[in-house]
Undergrad: 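Starting off with a structure, shown below.
Predicted model only: the values in this text are computed from it and were never measured.
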Amino acid sequence: MYTGLRLQRSLRRELRDGSVHITIIDPQSYMTYQPFLPEAAAGNISPRHVVAPLRRILPKVRILNGKVSKVHHEARILTFEPAVGQSREIEYDVIVMAAGSISRTLPIPGLEDAAIGFKTVGEAIALRNRVLGLLDRAESSNDEDVRRRALTFVVVGGGFAGIEALAELEDMTRDAVKYYPSIDTKDLRWVLIEASDRILPEVGPEMGQWTAVELRERGIELKMKTFLQSCVGGLVKTSDGDEFESATIVWTAGVKPSVIVNASDLPVDERGRVMTTTKLTVTGVKDAFAAGDIAGVPDVTNPGKYCAPNAQHAVRQAKVLADNITAYLRDEPLKEYRHKYVGSVAGLGLHRGVANVYGVKLRGIPAWFMHRTYHLSRVPTVNRKVRVMADWTLSLFFKRETISLGEIENPRQEFRAAAESGRKR
């Protein structure tokens, strides 16, 4: 989206005279601002305000909804599969590989059936509905096993996605249980399973350790140097010998490049990323560019290393990439992508956060304020900035909603039940 946005500005003349056409292919008609997913899951921001509509933002770009199943770059042809209908081949002159990443899973028994990821707005809202729906289930049951299973929540992975999802959802349930007479905060069990010996490595050892202390003080169990061994039917078994039932298992243990890299003739490195130069061109290939999580971009500020797969790099790479495409079409020299990592900020619930930016370490309210300020400045379009600000402002005066709308995931269930009852008569 950011590449298309910059190209429709820099190539205004070419787009107007028809010498250039830009097409974006994506399964969705929107771009998700992923750093706001935890707040959307916790009800601090409306889900519609964390996505940017492509057709509104990119009026000069053709948007095709579907997926690319094959890229034959040598012939400059790709295979496009729309959501409905027959697949077709599309010819192109220049390709940009920016399909991002997907959850990196492991062959753990039961994981595919029992767990949910935290990469999309759909997953974030489904998780919110599930957590709140399980509070309803526990409140309505006298069976201690049912209640214990419903009120046990597991998050696997101690990186940004896992810690922010865990902290925001725990904070939300702490507010929600005030309306459930038979549920006390001590009945809630939140468990983090992390394979390494620390969490939030992006903010440094000191801030990561402080975050661990903060979470433990909130009653959250941190199982460090521990692996999830099985979760068949929601029965969680960990490498430290613990075994318990849970109706909510969230998998955030890493990402891997989109599977499209395995369906193309472009060069791929040992980590499964498209091999990319510092100028964001695909290594050894003409008319091909790449950026974001799918690209292995050398970090010129840290020789021998590669740019981390995060939004901070992806957004900045997209702008350089667009400028380089414009320069390429005009036979002008390309420039290198250069960006020194400025640090990281993370939200840990309302009025709680942790940050390490340019070596300045903050925690609590100052870090939480920095987290919101930074991401508000980065979310695309003035429209979305204003809507997010409105959500935050309203939360100062009104309590956030703690209603499960899980039925929206199966909207025809009630109608089917009515139809079946009619047939029985």
Undergrad: Walk me through it: do Glu81 and Ser87 pass the test side-chain hydrogen bond (donor to acceptor under 3.5 Å, both in side chains)?
TA: CA-CA 4 Å; Glu81 295 184 359; Ser87 62; 5.0 Å; no
Undergrad: Would you call the rings of His371 and His375 parallel, tilted or perpendicular if under 30° counts as parallel and over 60° as perpendicular?
TA: perpendicular
Undergrad: Is Arg400 paired with Asp171 through a side-chain N to carboxylate O contact shorter than 4.0 Å?
TA: yes
Undergrad: Using the benzene-type ring in the case of Trp, are the ring centres of Tyr92 and His73 under 6.0 Å apart?
TA: yes
Undergrad: Who pairs with Tyr328 by ring pair (Phe, Tyr, Trp, His ring centres under 6.0 Å), at least two apart in sequence or on another chain?
TA: Phe289
Undergrad: Can you see which heavy atom on Leu135 is nearest to which on Ala176, and at what distance?
TA: CD1-CB, 3.7 Å
Undergrad: Are any side-chain N or O atoms of Ser404 and backbone N or O atoms of Asn129, one a donor and one an acceptor, separated by less than 3.5 Å?
TA: yes
Undergrad: Does any N or O in the side chain of Thr276 come within less than 3.5 Å of the main-chain N or O of Val274, such that one atom is a donor and the other an acceptor?
TA: yes
Undergrad: Kindly indicate, with the supporting measurements, whether the criterion salt bridge (charged side-chain N to carboxylate O under 4.0 Å, His left out) is fulfilled by Arg330 and Glu14.
TA: CA-CA 11 Å; Arg330 295 172 179 172; Glu14 291 85 346; 3.1 Å; yes
Undergrad: Keeping the roles fixed (side chain from Thr32, backbone from Gln34), state whether a donor-acceptor pair exists under 3.5 Å.
TA: no
Undergrad: Between atom CG of Leu151 and atom OG1 of Thr248, what is the distance when rounded to the nearest 0.5 Å?
TA: 9.5 Å
Undergrad: Which atom pair, heavy atoms only, marks the closest approach of Phe160 to Val345?
TA: CE2-O, 3.1 Å
Undergrad: Distance-only, no hydrogens or angles: does the Asn356 side chain make a donor-acceptor pair with backbone N or O of Met207 under 3.5 Å?
TA: no
Undergrad: Are side-chain N/O atoms of Asp136 and Tyr180 paired as donor and acceptor at under 3.5 Å?
TA: yes
Undergrad: Hey, is the main chain of Asp17 close enough, under 3.5 Å, to the side chain of Ser19 for a donor-acceptor pair?
TA: no
Undergrad: Test your reading of the model: is there a side-chain donor-acceptor pair from Glu123 to the backbone of Phe118, 3.5 Å cut-off?
TA: yes
Undergrad: Just verifying a value: how many Å separate Leu78 CG and Ser69 OG, rounded to the nearest 0.5 Å?
TA: 8.5 Å
Undergrad: Measure across His339 and Arg316 and return the closest heavy-atom pair with its distance rounded to 0.1 Å.
TA: CE1-NE, 3.2 Å
Undergrad: Assess Arg273 against Tyr306: is NZ or CZ under 6.0 Å from the centre of the six-membered ring, and within 45 degrees of the ring's axis?
TA: yes
Undergrad: Less than 4.0 angstrom from a charged side-chain N to a carboxylate O is my criterion; do Lys399 and Asp175 meet it?
TA: no
Undergrad: Taking the side chain as C-beta and beyond, is there a heavy-atom pair between Cys307 and Gln317 under 4.5 Å?
TA: yes
Undergrad: Is the closest side-chain heavy-atom distance between Glu206 and Trp210 below 4.5 Å?
TA: no
Undergrad: Would one find more than 12 heavy atoms of other residues, nucleotides or ligands at under 6.0 Å from atom CZ of Arg55?
TA: yes
Undergrad: At their closest point, which heavy atom of Ser101 faces which heavy atom of Asp293, and how far apart are they?
TA: OG-OD2, 2.8 Å
Undergrad: Using a 3.5 Å distance criterion without hydrogens, assess whether the side chain of Gln8 forms a donor-acceptor pair with backbone atoms of Ile57.
TA: yes
Undergrad: Ring-plane angle category for Phe153 and Trp190, please: parallel below 30°, perpendicular beyond 60°, tilted otherwise.
TA: parallel
Undergrad: Would you name the heavy atoms of Gly296 and Asp269 that are closest together and state the gap between them?
TA: CA-OD2, 4.1 Å
Undergrad: Rounded to the nearest 0.5 Å, what separates atom OG in Ser258 from atom CD1 in Ile102?
TA: 6.0 Å
Undergrad: If we ignore hydrogens and angles and just use 3.5 Å, is the side chain of Arg174 paired with the main-chain N or O of Leu169 as donor and acceptor?
TA: no
Undergrad: Quick check on Lys223: does its NZ atom have over 12 non-hydrogen neighbours (other residues, nucleotides or ligands) under 6.0 Å away?
TA: yes
Undergrad: Could you tell me whether Lys186 and Asp184 make a salt bridge, using a distance below 4.0 angstrom between a side-chain N and a carboxylate O?
TA: yes
Undergrad: Would you call Lys225-Glu194 a salt bridge at under 4.0 Å N-O?
TA: no
Undergrad: Any salt bridge linking Asp323 with Lys335? Criterion: basic side-chain nitrogen under 4.0 Å from a carboxylate oxygen.
TA: yes
Undergrad: Thr373 side chain to Met370 main-chain N or O, any donor-acceptor pair under 3.5 Å?
TA: no
Undergrad: Side-chain contact test, heavy atoms from C-beta onward, threshold under 4.5 Å: evaluate it for Val131 versus Met172 and give yes or no.
TA: yes
